[in-house]
Amino acid sequence: MPLEEAIRTQRAIRRLKSDPVDDSLVLHILELAMKAPTGSNAQNWEFIVVKDREVVAKLGRLNRRAFNVYSAIGARILERRGDEKMLRILKAARWQADHFDAIPVVVVACLKGVIPPWPSAAASSSYGSIYPAVQNLLLAARAAGLGAALITLPLWSKLLARRALGLPWNVTPCAVIPLGWPIGKYGPTTRRPVGELVSLDRYGNRAFL
(Lines give C-alpha, C1' and ligand atoms only; values in the text may rest on other atoms or scores of the structure.)
Protein backbone atom coordinates (compact mmCIF):
# COMPACT_ATOMS: atom_id res chain seq x y z
CA MET A 1 0.00 0.00 0.00
CA PRO A 2 1.40 3.46 -0.86
CA LEU A 3 2.34 5.38 2.28
CA GLU A 4 0.04 8.29 1.44
CA GLU A 5 -2.93 5.95 1.05
CA ALA A 6 -2.20 4.37 4.43
CA ILE A 7 -2.02 7.83 6.03
CA ARG A 8 -5.19 9.09 4.37
CA THR A 9 -7.25 6.01 5.27
CA GLN A 10 -5.85 5.34 8.76
CA ARG A 11 -8.38 5.61 11.56
CA ALA A 12 -8.86 4.23 15.05
CA ILE A 13 -10.47 0.80 14.65
CA ARG A 14 -11.97 -0.25 17.97
CA ARG A 15 -14.28 -3.08 16.91
CA LEU A 16 -12.10 -6.13 16.33
CA LYS A 17 -12.80 -9.75 15.56
CA SER A 18 -11.55 -12.38 18.00
CA ASP A 19 -9.87 -14.30 15.13
CA PRO A 20 -6.18 -14.99 15.79
CA VAL A 21 -3.42 -12.89 14.24
CA ASP A 22 -0.33 -14.75 13.09
CA ASP A 23 2.78 -14.13 15.20
CA SER A 24 4.90 -13.56 12.10
CA LEU A 25 2.63 -10.69 11.03
CA VAL A 26 2.73 -9.10 14.48
CA LEU A 27 6.54 -9.34 14.55
CA HIS A 28 6.77 -7.87 11.04
CA ILE A 29 4.65 -4.90 12.14
CA LEU A 30 6.81 -4.43 15.24
CA GLU A 31 9.96 -4.59 13.11
CA LEU A 32 8.57 -1.70 11.05
CA ALA A 33 7.65 0.12 14.26
CA MET A 34 11.26 -0.10 15.38
CA LYS A 35 12.48 1.63 12.22
CA ALA A 36 11.33 4.89 13.83
CA PRO A 37 13.93 7.34 15.14
CA THR A 38 14.64 7.69 18.85
CA GLY A 39 16.47 10.29 20.88
CA SER A 40 20.24 9.79 20.58
CA ASN A 41 19.38 6.60 18.67
CA ALA A 42 18.94 4.95 22.08
CA GLN A 43 16.38 2.45 20.72
CA ASN A 44 15.08 2.22 24.27
CA TRP A 45 11.73 0.70 23.39
CA GLU A 46 10.16 -2.39 24.87
CA PHE A 47 7.05 -3.88 23.27
CA ILE A 48 4.98 -6.40 25.22
CA VAL A 49 2.85 -8.58 22.94
CA VAL A 50 0.00 -9.78 25.13
CA LYS A 51 -1.89 -12.88 24.00
CA ASP A 52 -2.38 -14.68 27.33
CA ARG A 53 -6.11 -14.49 28.08
CA GLU A 54 -5.58 -13.80 31.78
CA VAL A 55 -3.26 -10.88 31.13
CA VAL A 56 -5.54 -9.46 28.43
CA ALA A 57 -8.41 -9.72 30.92
CA LYS A 58 -6.41 -7.81 33.54
CA LEU A 59 -5.78 -5.00 31.06
CA GLY A 60 -9.46 -5.16 30.12
CA ARG A 61 -10.50 -4.65 33.75
CA LEU A 62 -8.17 -1.67 34.08
CA ASN A 63 -9.57 -0.23 30.86
CA ARG A 64 -13.20 -0.67 31.93
CA ARG A 65 -12.58 0.83 35.35
CA ALA A 66 -11.24 4.04 33.81
CA PHE A 67 -13.69 4.05 30.90
CA ASN A 68 -16.72 3.78 33.16
CA VAL A 69 -15.71 6.99 34.93
CA TYR A 70 -14.72 8.76 31.73
CA SER A 71 -17.84 7.77 29.79
CA ALA A 72 -20.25 8.63 32.61
CA ILE A 73 -18.98 12.20 32.62
CA GLY A 74 -18.37 12.50 28.89
CA ALA A 75 -21.74 11.13 27.77
CA ARG A 76 -23.66 13.73 29.78
CA ILE A 77 -21.62 16.59 28.34
CA LEU A 78 -21.91 15.29 24.76
CA GLU A 79 -25.64 14.71 25.07
CA ARG A 80 -26.16 18.26 26.31
CA ARG A 81 -24.15 19.54 23.35
CA GLY A 82 -25.96 17.25 20.92
CA ASP A 83 -22.57 16.09 19.62
CA GLU A 84 -23.65 13.01 17.64
CA LYS A 85 -20.20 12.45 16.10
CA MET A 86 -18.46 12.22 19.47
CA LEU A 87 -21.28 10.08 20.87
CA ARG A 88 -20.64 7.58 18.04
CA ILE A 89 -16.96 7.52 18.97
CA LEU A 90 -17.90 7.00 22.62
CA LYS A 91 -20.16 4.13 21.57
CA ALA A 92 -17.27 2.48 19.70
CA ALA A 93 -15.01 2.92 22.72
CA ARG A 94 -17.72 1.33 24.88
CA TRP A 95 -17.86 -1.63 22.49
CA GLN A 96 -14.09 -1.98 22.77
CA ALA A 97 -14.23 -1.84 26.56
CA ASP A 98 -17.02 -4.43 26.73
CA HIS A 99 -15.22 -6.81 24.33
CA PHE A 100 -11.64 -6.13 25.43
CA ASP A 101 -11.10 -9.64 26.79
CA ALA A 102 -11.69 -11.12 23.30
CA ILE A 103 -9.07 -8.97 21.54
CA PRO A 104 -6.57 -11.42 20.03
CA VAL A 105 -3.41 -9.33 20.49
CA VAL A 106 -2.69 -6.33 22.70
CA VAL A 107 0.62 -4.55 22.22
CA VAL A 108 1.91 -2.40 25.07
CA ALA A 109 4.55 0.12 24.02
CA CYS A 110 7.03 0.88 26.79
CA LEU A 111 10.18 2.90 27.38
CA LYS A 112 13.24 1.66 29.22
CA GLY A 113 14.51 4.10 31.78
CA VAL A 114 12.90 6.55 34.16
CA ILE A 115 10.83 9.34 32.58
CA PRO A 116 11.74 12.44 34.58
CA PRO A 117 8.84 14.70 35.60
CA TRP A 118 11.10 17.76 35.38
CA PRO A 119 12.23 19.61 33.35
CA SER A 120 9.34 19.34 30.93
CA ALA A 121 11.74 19.09 27.98
CA ALA A 122 13.12 15.86 29.43
CA ALA A 123 9.67 14.24 29.57
CA SER A 124 8.90 15.48 26.05
CA SER A 125 12.16 14.00 24.82
CA SER A 126 11.35 10.64 26.40
CA TYR A 127 7.89 10.39 24.84
CA GLY A 128 9.37 11.60 21.56
CA SER A 129 11.29 8.33 21.50
CA ILE A 130 8.21 6.07 21.72
CA TYR A 131 5.37 7.75 19.85
CA PRO A 132 7.07 7.76 16.42
CA ALA A 133 7.40 3.98 16.81
CA VAL A 134 3.72 3.73 17.81
CA GLN A 135 2.69 5.68 14.71
CA ASN A 136 4.82 3.38 12.56
CA LEU A 137 3.05 0.46 14.19
CA LEU A 138 -0.39 1.93 13.42
CA LEU A 139 0.50 2.62 9.78
CA ALA A 140 2.02 -0.85 9.36
CA ALA A 141 -1.15 -2.38 10.81
CA ARG A 142 -3.25 -0.32 8.39
CA ALA A 143 -1.15 -1.47 5.43
CA ALA A 144 -1.62 -5.10 6.54
CA GLY A 145 -5.38 -4.67 6.87
CA LEU A 146 -5.36 -5.04 10.64
CA GLY A 147 -7.47 -2.86 12.91
CA ALA A 148 -5.66 -0.91 15.62
CA ALA A 149 -6.09 2.07 17.92
CA LEU A 150 -3.85 3.84 20.40
CA ILE A 151 -5.42 3.91 23.88
CA THR A 152 -4.10 4.84 27.30
CA LEU A 153 -6.99 4.15 29.73
CA PRO A 154 -5.55 0.74 30.78
CA LEU A 155 -2.55 2.69 32.08
CA TRP A 156 -4.48 4.93 34.48
CA SER A 157 -2.57 3.17 37.24
CA LYS A 158 1.02 2.55 36.19
CA LEU A 159 1.47 0.42 39.31
CA LEU A 160 -1.38 -1.96 38.41
CA ALA A 161 -0.37 -2.03 34.74
CA ARG A 162 3.21 -2.88 35.70
CA ARG A 163 1.93 -5.62 37.99
CA ALA A 164 -0.28 -7.10 35.26
CA LEU A 165 2.59 -7.12 32.76
CA GLY A 166 5.41 -8.04 35.11
CA LEU A 167 7.30 -4.84 34.29
CA PRO A 168 10.29 -3.78 36.37
CA TRP A 169 10.34 -0.30 37.94
CA ASN A 170 12.56 1.12 35.18
CA VAL A 171 10.27 0.16 32.27
CA THR A 172 7.36 2.57 31.76
CA PRO A 173 4.22 1.58 29.83
CA CYS A 174 3.26 4.47 27.53
CA ALA A 175 0.55 3.25 25.15
CA VAL A 176 -1.71 0.27 24.55
CA ILE A 177 -2.55 -0.84 21.01
CA PRO A 178 -5.24 -3.52 20.59
CA LEU A 179 -4.67 -5.40 17.31
CA GLY A 180 -7.02 -7.62 15.33
CA TRP A 181 -8.93 -8.07 12.12
CA PRO A 182 -11.43 -5.22 11.86
CA ILE A 183 -15.19 -5.41 12.05
CA GLY A 184 -16.14 -2.81 9.48
CA LYS A 185 -14.05 -0.94 6.95
CA TYR A 186 -11.27 1.56 6.73
CA GLY A 187 -11.91 4.69 4.70
CA PRO A 188 -10.91 8.31 4.21
CA THR A 189 -11.06 10.36 7.38
CA THR A 190 -12.74 13.73 7.72
CA ARG A 191 -10.46 16.52 8.85
CA ARG A 192 -10.67 20.30 8.98
CA PRO A 193 -8.91 22.19 6.16
CA VAL A 194 -5.19 22.55 6.81
CA GLY A 195 -5.38 26.34 6.60
CA GLU A 196 -7.65 26.46 9.65
CA LEU A 197 -5.04 24.79 11.84
CA VAL A 198 -1.76 26.20 10.55
CA SER A 199 -0.33 29.56 11.59
CA LEU A 200 2.54 31.40 9.93
CA ASP A 201 5.31 32.77 12.17
CA ARG A 202 3.02 33.38 15.15
CA TYR A 203 -0.09 31.76 16.60
CA GLY A 204 -3.35 32.83 15.00
CA ASN A 205 -1.83 34.20 11.79
CA ARG A 206 -3.93 32.06 9.44
CA ALA A 207 -2.01 33.02 6.34
CA PHE A 208 -2.86 29.83 4.44
CA LEU A 209 -6.65 30.20 4.41
Side-chain angles (χ1 to χ4, degrees), residues 1-16 29 32-39 45 63 66-97 107-109 111 115 117-156 173-180 182-209:
M1 177 181 291
L3 177 59
E4 184 168 336
E5 182 183 350
I7 291 172
R8 288 187 179 277
T9 60
Q10 180 192 26
R11 63 172 65 234
I13 300 291
R14 296 179 175 85
R15 294 182 175 93
L16 303 174
I29 287 170
L32 294 175
M34 294 177 195
K35 296 297 182 182
T38 59
W45 320 280
N63 185 67
F67 181 79
N68 287 338
V69 175
Y70 164 77
S71 63
I73 298 169
R76 292 192 191 97
I77 295 171
L78 295 173
E79 285 168 0
R80 280 200 298 267
R81 291 178 183 170
D83 192 335
E84 294 298 326
K85 183 178 179 181
M86 284 303 300
L87 283 168
R88 286 196 299 272
I89 292 173
L90 194 65
K91 184 178 179 181
R94 165 57 69 188
W95 194 98
Q96 182 184 61
V107 176
V108 183
L111 275 175
I115 299 176
W118 186 90
S120 58
S124 296
S125 177
S126 296
Y127 288 115
S129 288
I130 189 65
Y131 280 108
V134 172
Q135 177 65 351
N136 270 16
L137 191 161
L138 294 170
L139 287 172
R142 167 66 192 102
L146 283 170
L150 188 164
I151 64 174
T152 55
L153 287 180
L155 306 179
W156 66 268
C174 299
V176 177
I177 304 98
L179 277 177
I183 298 172
K185 298 178 180 179
Y186 278 104
T189 51
T190 303
R191 295 291 186 267
R192 291 165 60 187
V194 64
E196 291 183 6
L197 301 171
V198 177
S199 299
L200 178 63
D201 298 327
R202 65 185 185 280
Y203 177 77
N205 181 24
R206 304 300 192 196
F208 301 107
L209 284 172

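Not measured: the values here are computed from a predicted model.
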For the atom pair CD1 (I29) and CD1 (I177), what is the distance rounded to the nearest 0.5 Å?
-> 11.0 Å
Under 3.5 Å donor-acceptor, W95 side chain and L16 backbone = no
Within a radius of less than 6.0 Å around CZ of R8, do more than 12 heavy atoms belonging to other residues, nucleotides or ligands occur?
-> no
N63 side-chain N/O to L153 backbone N/O, donor-acceptor pair under 3.5 Å = no
S129 (side chain) donor-acceptor with G39 (main chain) under 3.5 angstrom = yes
Answer yes or no: is there a side-chain heavy-atom contact under 4.5 Å between R206 and S199?
-> yes
Less than 4.5 Å apart, any side-chain heavy atom of V194 and any of F208?
-> no
Atom CH2 in W45, atom OG1 in T38: separation rounded to 0.5 Å?
-> 5.0 Å
Any pair counted as salt bridge (charged side-chain N to carboxylate O under 4.0 Å, His left out), so long as it reaches residues 182-192, sequence neighbours left out = R192-E196
Anything under 3.5 Å between a donor and an acceptor, one on a side chain of residues 131-150, the other on a protein residue two or more places apart or in another chain? List them.
| residue | atom | partner | partner atom | Å |
| --- | --- | --- | --- | --- |
| Y131 | OH | C174 | O | 3.1 |
| Q135 | NE2 | Q10 | OE1 | 3.4 |
| N136 | ND2 | L32 | O | 3.1 |
| R142 | NE | T9 | OG1 | 2.9 |
| R142 | NH2 | T9 | OG1 | 3.2 |

Taken to the nearest 0.5 Å, the spacing of R14 CZ from L90 CG works out to 9.5 Å
